[in-house]
Amino acid sequence: MNGIQKVDTRALQTNRFSKLLSSIGIYAIAALFIVLGVVLQSMGIINNFLTTQNMMNIVDAVALLGIVAVGMAFITYSGHYADLSAPTTIALTGIVSVELLRFGFIPAIMGAVVVGLIIGIINGIVIGKFKANPIIWTLAMSYVSMGVIRFVWVNKQIYPDVITDDPFPVMLFDNIYRFRFFNAISLPLIIMLVLVVVGQFILKRTAFGAQLKLTGSAKRTAKFSGINVELMIALAFIISAFTTTIAGLAITSLSRVGAYYNGAGYDFRAVTAIVIGGMTLAGGRGSIIGVLGGTLVIGLMNNIMTLLGVGTFSQDIIRGAIFILVVGINAKTLRSMGRDDA
Amino acid sequence: MKKQVKVVLLAMVLLCLGGLLFAQGEKAVGVTGAGAAANLEASLKVDTSVLKAADGQPLLRLSSELPKIPTRPANPEALPDTDPLRWFDMEYAGWDTKKTNIPASPKDGAIGKRVVMIVHGDHPWTTACSNGAKKVADAYGMDLKILSPNWDLAVQNQMIDQSINERPDMILIIPLDATTAIQQARRINQSGIPFIFFNTLPTAEAMNYAITWTGPDDFGQMRKLAKVFADEMRRRNPGAKELGIAYVQHAPGGSPYFARSYGPLSELAGYAPEVVTLDMQAPGFEADRTMQLVSDWLTRFGPRLKGIFAADDSAQALGIIEALKKAGRDDIVVVAAGNSKIGMDMVTDGSLFAITYQTAEGDGALAVQTAADWFNGKELPNRRDIPQHIITKADVADFYPPQW
Amino acid sequence: MQRLYGVWGGMMRKNKLDKSKLLALGDRFRIYILFGVIFIFMSLFAPRFFNSYNLTTILRTVSMNATIALGFTIVMICGEMDLSIGRTATFAAVIALTLQKKFGYGISVPIAVLAGAGVGLLNGILVAKIKINSFIVTIGTMTILQGATYTITGGNSVSLSGDKVFAISDFLAKPLLPMLPPRVLLTILFVVVFHLFVSNSQWGRNFYMVGGNRTTAWLAGINTDRITITAFILSSTMAAVAGILFAMESSAATLNMGDNSLMYVVSATIIGGTAMSGGKGGILRSVVAVLSLEMLYTGTILFGFGNEVKIFISGLILALVVLYEAYASYKHEKTIGQRAVLLEELAQAKEKI
Amino acid sequence: MSSENLGLALKMVGVGKRYPATIAVDNVDFEVYAGEVHALVGENGAGKTTLMKMLAGSFNDYTGAIFINDKMVKLTSPSIAKSYGIGMIYQELSLAQPISIAENLLVGRLPRKGLFIDRDKMVSESKRLLKTVGLDLDPLLPIEDISQHEAQLVEIAKVLGTNPCILVMDEPTSALSQEEVERLFKIIAKLRNRGMAIVYISHHLPEVFKVADRVTVMRDAKKVATRNIGEVTREEIVHMMVGRSIKELFTKEKREVGQPRLEVKGLSRYGFFHDIDLQLHAGEILGICGLSGAGRSELAQVICGIEKADAGTVLLDGEPLDGLPMAKRVLRGLGYLSEDRKREGLALRLAMDDNILSAVIPKLKQGVVYNKRSGKPKAMQLIEELSIYPPDLDRTAGNLSGGNQQKLLLAKWMAINPKVLILDEPSRGVDVGAKMTIHETIERLAHEGNAILIISSDLPELVRLADRVIIMRKGHFTKIMDQSECSEESLLLAANTEVRV
């Protein structure tokens, strides 16, 4: 009882060390990539790697991915894998916003947000309340919303400047992606950073975050602790749909066209960023800062490969292998800590 | 009990199968022979040259310039990528094919003919193409049915089979893939239904079974664009010993992947030897990924990079222009293949130097027109090209409003 | 299936059609009923649906996805996910055709099948031994396979020509028995073998056990790792076989020929009643679901609807099935543990009022 | 006992097993004769279950030597263990829920006809096995459609069906009714007489005395002693288990019983329990006794708001709680310690502080900020009060021993500063020391003026703690017994009697 149980103190130390490692793990990998870049640069194999401009390019490039990943991380954190309806949510909110641009900029944004939230709420209710399998349900949802886009807009793509003759809302819409603070920092980057800070705060410093953690780690226990798990899960899906909507607006603004194919691939790419960032699909583990790290690692990886002149085909192979490697190492570390839940 | 259930199930299955055996394929609809001559006469009177596309350009135009066909090298694949003849099989497919088992024209006029058009998939381009096709079909009073397999090869195969089953007078088809087209072509050919490939060039072998092919000469067009591209770079960098360029490629797996990177590559090797290819990448059709790619190129090559050749003038071109704007590099010449509104807007504002004129409506229209010509008993060449043109700021206004 | 006999047998014994039993039976026969309804509807209303040519076309089209579904269903029964099936099909097809040029089908096909099995082995080891979530692993292998496929082909699709190759293509596609070309016959053979294997053999039942409760299975002396790895190998192998056969029939392989199969097969397997949580489902159900979806798609084409209708309908069916299952288990959870005695008491009390 | 004539069935010499953080079994010698029932007792975390898992082949990295029938064996996987005739009935149910009873029973050894499974034989064999444990179920039903105690019996039948020569039973009676326990004991006796070696792990000492021939006591990963059951008393065993003597009997303090704190009027959840009336006063400990499936836990879940009531009201300190979600009720001081600590009580993958504070998250809110730090002193204090070991807030709950987990669960509900606490099996599967701590804490809580409702199948626990005991049977309260009337026998009798109030 009191202190008579034998404890292997070495194990406790590794426990703390591994914990530290797992919390900064992804940044260690990011640092590793930067060191690799610097070494390659000093050897003269690549150039201009460690410059402000290049670093800005990297973060700029992954800003949209980061926005989607931050929201979807809430779903992963709640133990519900991912939202496969993200690509069609991007397409649908984008096309709706362009369509509504005829009534002005604000209605366009509001309309997109409303549509995004409706998708989030439907996902949330069906998965939270009725406990549908998240992967399958969001897959079904993506089919349905794709069907809606195809029904309403047939195969058209619609352009902001064709929808309305008023150049002002078109200019505003165009600048969702293109606006730069001090001519350097892009709006999506700011949005991503704000979302990361807010997301990290929500996840780690609010009651909702604590309850979501419990929901993700042990759903039934959470229910028996008085937590409204159905609401928590629904909120996670709504948050995801919300940030996906923001990404949808930005992507549509960037491509200057509302079309059904916008956003393709963002589902699996976001999952990749989240998982590389140290969140486990079992739920309740990881952080938004980690997800940011995961997103940056993806950006760094792409950057170094392009600077090295690695061909498109080999890039895919390397990307997949590094992904599996990072997740595998993470799983092994967790297991050595006695957490068999990767 | 279990046994009984099994027996009942088995009986049901047998019953179904038995029923199916008696079900027969639909018989071919006989061609009306009586009014054939009158129909032909009326059909020949139809004038489609007055039709206009949505951009105000004439809907139907044929390319006036026909390329000279070089002799095929023994093994094109052994040649280096920079040799134009390396791409012989892709570029000159159809010009010199030996037609086999081609049905003879009934010479009874196009009016009232049932034509099935199988495209590749849903896209705004396809919509425009279908519109063009419909305009010509309406002019001839043809019954045109358009099927879209949504970029799924298995579905396209199925649609071909279903069309064969339906026995129309003609099938028009955009092959989803140049190589699988051989089997598709053989299948239709064996069924005796005349068919025409359009838009995408199948391999030479597939062309043996088709009446003809119509559409844009992607290679030729890209070679043209490459020349304009090189000229502009020379103009902006007078006397430069080296002009570094990079290619943003089309998605791998189709002929545009080759036509829109190796076409210009092999052309420039001869036309402008000072042009040096720095890199080629296929980032897909997403603006943000293209943007990252180009930003990385700017980091990697810096001032060496003088021009970018893109396979797509909408999302890819947007990504390129964004990256260039961010880096403040307005000296770089960007050209892109395609004829979309986004591309034309960027040509108008000067950020994109040139794009290709590629009429989507005309593409579909020419296919139907060619079908009509066949019904009317016209002699058809082995391929018919839509005209080539490079759009720059000087004449971009003529092509508004865009077709898609 | 054996559960199905149980309910059926129970009904026969009692010799009365109890309403709830009938509903349960309907639930279990769900996919077969759906199949029947679609088949009859299409036969009656869709133009040119019910004739041997069209039915052969459907069977030929369905062959690829049905074959992929065989292995995929086993992975699902094990409670795992395999997102790499589509790309594996492409990968194997490309290998088979590329090597055919040098060695002929006799050597290239076995190598391609082995390559497919190798992908499964890799997936299986990463999932079972390294213990990474299968969803993650297969996203990774999916990306790797794409790169590998592009690298092998240099970015172009692979095609073959020549009389010999065409003869094989034609042989595979032309009906051998009435309505049944060899490729379809092969698929039927696969279905029968897999069905017997999964539902009637010790090894096959072990998949259910591992999916139902991994610990139990392990404690019962089943080598769960080996079972999981086998499931992934079967999944990838069948995907490879499907891809190769498709490519052999077309004498060509494109670089994205398998991409559409992934979501198709996933949807069909779920609609067929195989649960993602594992331990439930069956081979036959998945195959019938693939067939049902295909008839539905064919119907939309024959009716002249566009793809939007097709996408919408498949989404709707999938959504309805998922909703129905979720709602049923929600209801089941609410009433589990209810005492019949108390419910009778309640009914009596109501009657008095 | 004469079983020694039959020879040693199992001999473990100097075996050990270490986990990343602890040494679970340390150099233990253990012997079992064929034809004997050998009880293995010890507190939670003493290493009994680990020792037996080692025997069942769950580890491939144990140290020491294991002999079966005098032959040294390496039991590195369950299948190897099975091949040596070792059968183990686990504490946690190890059945596959979606799979049929028959396939669960015959897992790994389905009857075959040629290549394929012989279904008829599978069904008949399953029926035969089910009969041995007194069940008459359709073997083709999936496990998820049968009740928990039926599942427990299926589990026993499954292991018996493998005809083991060494049978290990880890707490086999925890989910069983009294009748079923009796039947199980008869089966055990029969198996022993057939010459089987049986290891019986239990916390329930009366059971041990009833069924075992010899007993081995473990403490702190080590073996303390092995004795013949006739030569040892209950007190001696407890002494060996705990390492110090514990008064099992003690006098009850008199508490002041005050105002009613919790009132339940006409509460029903149709199909589970009907028309429940209840008054619980400040300072009172009220017990609810009943067989499993009587609707006790369901009642508690409705009172605390996890499930909705179909009729009736619940009042806390005179204020109705109807329609309030559980979170609001918790804020008002109503707590529910659930029965299944692994699935419903604790988040085993989270740290201890997360668990202790899991029910008070809304309370620690300051504006929108959740201040976990402000809850830590309270958590630390509770850990000390309940002497939870190790007292490390960052430790993952799943790495604690069962007793400490249960104390952690109690700490979680004490953290809400409860006025009314409903405890569902508060000491199930817990060692004597932890049980004592828990009981003392419960009494202290009552003494401080809180009202406690205890639901328990552990009759001595009710007799010891409760001021009044309500008997629940088939969804109804059938009897209320005062402390003076309560004894283990009277409670058992009442719980099995069909009487309505």
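Each chain gets a letter, A, B and so on, in the order the sequences are listed, and its residues count up from 1. Please read these numbers as outputs of a predicted model, since none were measured by experiment.
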Item to complete: Heavy atoms only: give me the nearest A:Asn303-B:Gln292 pair and the separation to one decimal.
Response: N-NE2, 4.0 Å
Discussion item. Taking side chain as everything from C-beta outward and backbone as N, CA, C, O, which of these in B:Ala315 sits under 4.5 Å from a heavy atom of chain A? Side chain, backbone, both or neither.
Written reply: neither
Worksheet item: Side chain, backbone, both or neither: which part of B:Pro252 has an atom under 4.5 Å from a heavy atom of chain A?
Response: side chain
Worksheet entry | Student check: side-chain heavy atoms of B:Arg300 and A:Ile46 closer than 4.5 Å | no
Practice prompt. Give a yes or no on whether the backbone of B:His123 and the side-chain of A:Tyr261 come within a donor-acceptor separation of less than 3.5 Å.
Written response: no
Worksheet entry | Within-4.5 Å side-chain heavy-atom neighbours: B:Glu286 and A:Tyr266 | yes
Worksheet item: Is the closest side-chain heavy-atom distance between B:Thr299 and A:Gln53 below 4.5 Å?
Response: no
Worksheet item: Does any non-hydrogen side-chain atom of B:Arg289 lie less than 4.5 Å from one of A:Asn302?
Response: no
Worksheet item: So, does B:Gln281 use its side chain to make a donor-acceptor pair with the main chain of A:Gly309 at under 3.5 Å?
Response: no
Item to complete: Go through the atoms of A:Leu64 and report whether side chain, backbone, both or neither lie under 4.5 Å from a heavy atom of chain B.
Response: side chain
Discussion item. Any heavy-atom pair between the side chains of B:Lys341 and A:Asp161 that's under 4.5 Å?
Written reply: yes
Fill in: Proximal component of A:Leu308, with respect to chain B [non-hydrogen, under 4.5 Å]
backbone
